Amino acid sequence: MNAAIRFLSDLRRFGVGRDPHALFEARQTFGEKLADRVAAVGGSWGFIISFGVFLGFWAVLNTVLLGAHAFDPFPFIFLNLMLSMLAALQAPIIMMSQNRQAAKDRFEARLDYETNLRAESQIESLHAKIDLLTAEIVRLSKAA
């Protein structure tokens with residue numbers, strides 16, 4: 001929530017003409033940027049395919065190539081340990097990135113709402129001016 005509060009205060013300080021994406025990214029800490037990068041890489045097809053290739057290589061290496069001298073024989077207990085540790089670290093990092101993205105989306109929606117309110121107010125003002133002009137034209141046409 002701190003990132004969201006900082007984001008809103010920066011928008012008020014710099015005005016609404018600034019790009020909310022650029023402002024939000026400028027305020028990110030190193031850890032937040034790293035979490036976003038880990039989430040981007042971990043959620044890509046490139047990662048999934050390369051990780052599948054790595055797992056296949058690990059299995060072939062420890063069953064076929066090394067045979068009786070395998071350092072992690074089937075059922076690949078060491079590999080399971082590494083995968084569990086990776087998942088234990090990667091999951092909270094990805095969740096941090098998702099939470100920050102959700103906060104960013106909420107503030108963008110809030111900015112859109114405020115912009116819509118200002119536009120509606122300006123439209124109502126223009127409508128009132130047009131009504132006054134119409135009434136003036138009617139008055140002048142009756143006077144002539």
Side-chain angles (χ1 to χ4, degrees), residues 1-65 70-144:
M1 196 62 175
N2 282 338
I5 293 170
R6 286 185 312 200
F7 179 66
L8 185 59
S9 67
D10 282 348
L11 281 176
R12 288 189 177 131
R13 183 174 56 197
F14 293 118
V16 292
R18 302 249 341 219
D19 180 18
H21 295 289
L23 184 58
F24 198 82
E25 289 175 12
R27 299 288 299 176
Q28 283 186 327
T29 65
F30 173 74
E32 291 169 340
K33 289 178 185 177
L34 181 62
D36 288 343
R37 189 70 187 131
V38 168
V41 170
S44 68
W45 278 109
F47 176 79
I48 292 169
I49 292 169
S50 62
F51 206 66
V53 168
F54 170 77
L55 292 175
F57 174 74
W58 186 280
V60 169
L61 177 70
N62 282 289
T63 55
V64 177
L65 297 177
F71 60 89
D72 187 23
F74 184 82
F76 312 120
I77 294 171
F78 181 65
L79 177 63
N80 283 321
L81 173 66
M82 292 295 127
L83 293 175
S84 297
M85 290 190 327
L86 175 67
L89 292 174
Q90 193 177 23
I93 292 172
I94 291 172
M95 288 177 63
M96 286 189 309
S97 178
Q98 289 174 340
N99 288 339
R100 191 171 31 269
Q101 183 62 44
K104 183 179 176 183
D105 291 343
R106 282 191 302 274
F107 279 108
E108 285 182 31
R110 179 181 234 168
L111 286 177
D112 288 346
Y113 176 72
E114 290 174 2
T115 301
N116 290 341
L117 285 179
R118 282 192 304 276
E120 184 178 350
S121 173
Q122 290 173 352
I123 289 170
E124 287 175 2
S125 174
L126 288 172
H127 185 61
K129 289 177 184 178
I130 289 174
D131 286 345
L132 287 174
L133 288 173
T134 303
E136 185 67 22
I137 288 172
V138 169
R139 188 185 66 77
L140 289 173
S141 67
K142 287 182 181 178

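On a predicted model such as this, the values are computed, not experimentally measured, just so you know.
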Would you mind writing out the side-chain donor-acceptor pairs for residues 121-129 within the sub-3.5 Å range, not counting sequence neighbours?
none

In residues 135-144, what donor-acceptor pairs under 3.5 Å come from side-chain atoms, sequence neighbours left out?
| unit_1 | atom_1 | unit_2 | atom_2 | d |
| --- | --- | --- | --- | --- |
| E136 | OE2 | R139 | NH2 | 2.5 |
| S141 | OG | I137 | O | 3.2 |
| S141 | OG | V138 | O | 2.9 |

Could you go through residues 74-95 and list every donor-acceptor pair under 3.5 Å that involves a side-chain atom there, pairing it with any protein atom two or more places apart or in another chain?
| unit_1 | atom_1 | unit_2 | atom_2 | d |
| --- | --- | --- | --- | --- |
| N80 | ND2 | P75 | O | 3.4 |
| N80 | ND2 | F76 | O | 3.2 |
| S84 | OG | N80 | O | 2.9 |

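Applying the side chain to side chain contact (heavy atoms under 4.5 Å, CB included) test to Q101 and every residue at least two apart in sequence or in another chain returns K104, D105. For F71, the side chain to side chain contact (heavy atoms under 4.5 Å, CB included) partners two or more places apart in sequence, or in a different chain, are W58, L61, N62, L66. Considering only residues two or more places apart in sequence or on other chains, D72 meets the salt bridge (Lys or Arg N to Asp or Glu O under 4.0 Å) condition with none of them. Considering only residues two or more places apart in sequence or on other chains, L132 meets the side chain to side chain contact (heavy atoms under 4.5 Å, CB included) condition with none of them. Legend: residues meeting side chain to side chain contact (heavy atoms under 4.5 Å, CB included) with L133, ordered by chain and number and at least two apart, are absent.
Crowding of F51 atom CZ: a count of heavy atoms from other residues, nucleotides or ligands under 6.0 Å exceeding 12.
You'll find the side chain of I48 reaches within 4.5 Å of the side chain of W45, heavy atoms only.
Residues in residues 33-48 take part in these salt bridge (Lys or Arg N to Asp or Glu O under 4.0 Å) pairs, two or more places apart or across chains: D36-R100.
Here M96 contributes atom CE and N99 contributes atom CG; the two are 9.0 Å apart, rounded to the nearest 0.5 Å.
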